[in-house]
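Below is one structure; the comments refer to it alone.
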Amino acid sequence: QVQLVESGGGLVQAGGSLRLSCAASGRTFSNYAMGWFRRAPGKEREFVAAISRSGSLTYYADSVKGRFTISRDNAKSAVYMHMNSLKPEDTAVYYCAASTQAWRPSRYDYWGQGTQVTVSS
C-alpha cells in the first residue's frame, strides 16, 4: 500500500503560479512512477504530467507543456508540480497517483484525495 496526500492547491489569479506537493508513505517511493491528473467540473479526469522512478524522464499533456513542471525527491518521498502562467481552464481538482509500471504507465495503482486549484480571470 502507498498513501498519497496532496497539498498546495488554492485560489490564484490568471497568470499566477502554484506549486503542488504530494507526500507518499508506505512502500519504497522510488519503486513507483508518479503522475498528476486533474478533473475539472463536469469533465472527465485527464492526465497532466508524469515522471519516471528516478526522475530522469518526464512527459506532459499538450495543454500544460511549457507551463507546468513535474519533479520528485525520492529522499523525501515526494513529487511536485510547479504550475506557471495559470489559466482559468486549469481550474480543477488535482490528483497525484503512483504506478508500479516503470514508464508511461497505462495504469496507476494508488491515488491521493486531491487538492483544489482555482484560477480566476
Side-chain angles (χ1 to χ4, degrees):
Q1 276 286 59
V2 174
Q3 292 77 43
L4 302 172
V5 180
E6 302 93 337
S7 61
L11 174 64
V12 64
Q13 288 189 330
S17 300
L18 281 175
R19 188 184 83 154
L20 304 184
S21 300
C22 174
S25 60
R27 300 273 178 91
T28 303
F29 181 67
S30 58
N31 287 345
Y32 297 88
M34 299 297 296
W36 284 98
F37 291 76
R38 66 187 181 187
R39 177 175 284 157
K43 294 188 177 181
E44 297 288 318
R45 184 176 64 198
E46 65 174 355
F47 168 79
V48 177
I51 189 166
S52 61
R53 292 168 176 171
S54 67
S56 61
L57 298 172
T58 58
Y59 71 103
Y60 300 90
D62 287 343
S63 59
V64 306
K65 203 172 293 183
R67 299 188 299 122
F68 290 11
T69 302
I70 188 172
S71 61
R72 68 188 294 162
D73 184 337
N74 285 344
K76 295 183 178 179
S77 296
V79 62
Y80 309 99
M81 190 157 70
H82 290 78
M83 305 187 295
N84 297 320
S85 302
L86 283 161
K87 305 175 181 179
E89 52 262 43
D90 294 318
T91 295
V93 178
Y94 284 72
Y95 301 89
C96 72
S99 175
T100 55
Q101 298 177 4
W103 179 231
R104 289 190 176 261
S106 58
R107 183 194 74 249
Y108 283 81
D109 305 286
Y110 302 100
W111 294 83
Q113 294 300 305
T115 186
Q116 176 71 47
V117 172
T118 302
V119 184
S120 63
S121 56

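Along the sequence shown, residues carry numbers from 1. Computed from a predicted structure; not experimentally measured.
- The closest donor-acceptor contact from the side chain of E6 to the backbone of C96 lies under 3.5 Å.
- Between the OH atom of Y80 and the CD1 atom of I51 there is a distance of 11.0 Å, given to the nearest 0.5 Å.
- Checked against the 6.0 Å centroid threshold, Y108 and F47 do not count as a close aromatic pair.
- T91 places a side-chain N or O within 3.5 Å of a backbone atom of V119 that can act as its donor or acceptor partner.
- Within a 6.0 Å radius of CD in Q3, other residues, nucleotides and ligands contribute more than 12 heavy atoms.
- A cation-pi arrangement is present between R72 and F29 under the rule of less than 6.0 angstrom and at most 45 degrees off the ring axis.
- Two residues are said to be in side-chain contact when any heavy atoms from C-beta on lie closer than 4.5 Å; S63 and R38 meet this criterion.
- Heavy atoms only, all atoms of each residue included: Y60 and A49 are closest at CD2-CB, 3.5 Å.
- Side-chain atoms of I70 and Y59, non-hydrogen and from C-beta on, never get closer than 4.5 Å to each other.
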Exercise. Do D90 and K87 pass the salt bridge (Lys or Arg N to Asp or Glu O under 4.0 Å) test, and can you show the C-alpha distance, the side-chain angles, and the key distance before you say yes or no?
Worked result: CA-CA 5 Å; D90 294 318; K87 305 175 181 179; over 6 Å; no
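- Neither L86 nor V93 shares a network with the other; the hydrophobic side chains, linked directly or stepwise wherever heavy atoms of I, L, V, M, F, W or Y lie under 4.5 Å apart, form separate groups for each.
- Each of T115, T118, V12, N84 was evaluated against L18; a single residue qualifies, V12, per the side-chain contact (heavy atoms from CB on, under 4.5 Å) test.
- Side-chain contact check for M81 versus V64: every heavy-atom pair is 4.5 Å or farther apart.
- Looking at Y94, its side chain never comes within 3.5 Å of a backbone N or O of G8 through a donor-acceptor pair.
- Listed here is the closest heavy atom pair of Q101 and A33: O-CB, 3.4 Å.
- R53 places none of its side-chain heavy atoms less than 4.5 Å from the side chain of S30.
- At distances below 3.5 Å, at least one donor-acceptor pair connects side-chain atoms of S99 with backbone N or O atoms of R107.
- Here Y95 contributes atom OH and L4 contributes atom CG; the two are 13.0 Å apart, rounded to the nearest 0.5 Å.
- Taking OG1 from T69 and CE from M83, the interatomic distance works out to 11.0 Å, rounded to the nearest 0.5 Å.
- We find the CZ-CD distance between R39 and E46 to be 10.5 Å, quoted to the nearest 0.5 Å.
- Within the model, atoms CZ of F68 and OG1 of T58 stand 14.0 Å from one another, a figure rounded to the nearest 0.5 Å.
- Here the closest non-hydrogen pair linking S71 and V79 is O-CG2, 3.1 Å.
- With a 6.0 Å cutoff to the six-membered ring centre and a 45° limit on the axis angle, R27 does not count as a cation-pi contact of Y32.
- Within the 4.5 Å cutoff, the side chain of W111 has heavy atoms near those of the F37 side chain.
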